[in-house]
Amino acid sequence: MMRKLALSFILAFVFLCIAAIFWYQEIQYLLPTPVPENYRVVLPREVIRYDSTLIPQRYSKPKLLHFFNPDCPCSRFNVKHFVALKRQYGQRVDFYVAVTGQEKVESAKRLIDTDIAIIVDTGEGLAKACGVYSTPQAALIQANNQLYFRGNYNRARYCTDPNTNFVQMAIDSLVSNKQPPLFNELATRSYGCSIGQQDDYIQLP
């Protein structure tokens, strides 16, 4: 009898461990990222004001700001798709990677492995100016510094659904001088990791 109880306890413990690992690796990143206190929504056509020491004030091309956290699994899974966008549109759009601290720069360079400029967004001032609080997300800014699109790269964590490549579709519209596409909530509702430190996103509900 005792042996059966011990075996049942061990099996239950193993099951709970597997469930916890699955939660940590998959399910938590399917839930919306908690909205920070005092969050301010930034709407398309709003002028994005930022520190010109972070990004040179160039008015000849639009800018894509890629908010990236190398500690975040979602950001890492998105790298291949982001680099493909840079290869496709890099002649028409200036690409930047924004991280929240100097300690993340080397990891970002190693993971992304391109010549894209990396911005250290200390205090998340640039992210807040664009209305971004999760990663991976992008802010697409017109040459006149008006926000064109802010949101997710794809509805799927692995960026495998071409019908919901939101950032790519937004770039296509922008470089074609069209109005921003009308996406549903999946494009703009924040998923993934909080943009700040690792502890912020481990505790997602």
Side-chain angles (χ1 to χ4, degrees), residues 29 42 44 48 50-121 124 126-127 129-178 180-181 183 186-188 190-193 195:
Y29 300 112
V42 180
I48 304 301
Y50 55 85
D51 185 349
S52 60
T53 62
L54 290 179
I55 310 173
Q57 288 280 9
R58 298 173 181 159
Y59 297 101
S60 58
K61 290 183 186 179
K63 295 177 282 290
L64 185 140
L65 308 182
H66 173 56
F67 292 92
F68 182 73
N69 186 341
D71 298 325
C72 173
C74 301
S75 275
R76 294 197 297 269
F77 284 126
N78 185 59
V79 166
K80 183 177 179 181
H81 179 65
F82 171 68
V83 172
L85 291 177
K86 168 63 167 63
R87 284 198 301 266
Q88 184 174 356
Y89 299 101
Q91 297 300 314
R92 306 185 69 180
V93 177
D94 286 332
F95 280 68
Y96 297 90
V97 173
V99 297
T100 56
Q102 188 65 44
E103 72 280 1
K104 299 181 186 292
V105 170
E106 289 305 317
S107 296
K109 286 180 179 178
R110 185 171 62 253
L111 288 167
I112 295 176
D113 191 28
T114 71
D115 58 353
I116 301 173
I118 296 180
I119 301 164
V120 179
D121 187 21
E124 302 171 27
L126 185 59
C130 296
V132 173
Y133 60 89
S134 74
T135 175
Q137 278 211 342
L140 188 57
I141 302 172
Q142 295 172 267
N144 62 2
N145 281 347
Q146 287 185 343
L147 182 68
Y148 186 83
F149 170 78
R150 185 278 304 167
N152 304 314
Y153 282 85
N154 195 287
R155 68 181 295 274
R157 174 179 174 180
Y158 301 101
C159 295
T160 53
D161 184 355
N163 294 319
T164 58
N165 277 344
F166 301 119
V167 172
Q168 182 172 5
M169 289 188 279
I171 298 174
D172 279 335
S173 293
L174 178 57
V175 298
S176 300
N177 295 314
K178 296 179 180 177
F183 295 125
L186 288 173
T188 56
S190 295
Y191 291 88
C193 306
I195 204 168

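Basis for what follows: all heavy atoms, side chains included, without hydrogens, waters or symmetry-related copies.
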Neighbour count >12 (heavy atoms, 6.0 Å) for atom NZ, Lys109: no
Expected output: side-chain Arg92 to main-chain Val175 donor-acceptor under 3.5 Å: yes
Validation row: Phe82, Phe68 side chains within 4.5 angstrom (heavy atoms): no
Min side-chain heavy-atom separation Phe149-Pro180 under 4.5 Å: no
Close side-chain approach of Val99 to Val105, heavy-atom, < 4.5 Å: yes
Side-chain (Asn78) to main-chain (Tyr153) donor-acceptor, under 3.5 angstrom: no
side-chain hydrogen bond (donor to acceptor under 3.5 Å, both in side chains) involving Asn152 - partner list, sequence neighbours excluded: Gln137
Distance-minimising heavy-atom pair for Pro62 and Leu174: CB-CD2, 3.5 Å
Sub-4.5 Å side-chain heavy-atom contact between Cys130 and Ile141: yes
Worked check of disulfide bond (SG atoms under 2.5 Å apart) between Cys74 and Cys193: CA-CA 7 Å; Cys74 301; Cys193 306; 4.4 Å; no
Side chain to side chain, Ser75 and His66, heavy atoms closer than 4.5 Å: no
Side-chain (Ser134) to main-chain (Tyr191) donor-acceptor, under 3.5 angstrom: yes
Exam field: side chain Arg76 to backbone Asp71, donor-acceptor pair closer than 3.5 Å: yes
Donor-acceptor under 3.5 Å (Asp94 side chain, Lys61 main chain): no
Backbone N/O of Gly151 and side chain of Thr188: donor-acceptor pair under 3.5 Å: no
Minimum side-chain heavy-atom gap Ile55-Lys63 below 4.5 Å: yes
Separation between CG of Asn154 and OG1 of Thr164, rounded to the nearest 0.5 Å: 3.5 Å
Check: Leu65 and Leu126 side chains under 4.5 Å, non-hydrogen atoms: yes
Side-chain touch Ile171/Tyr148, heavy atoms, less than 4.5 angstrom: no
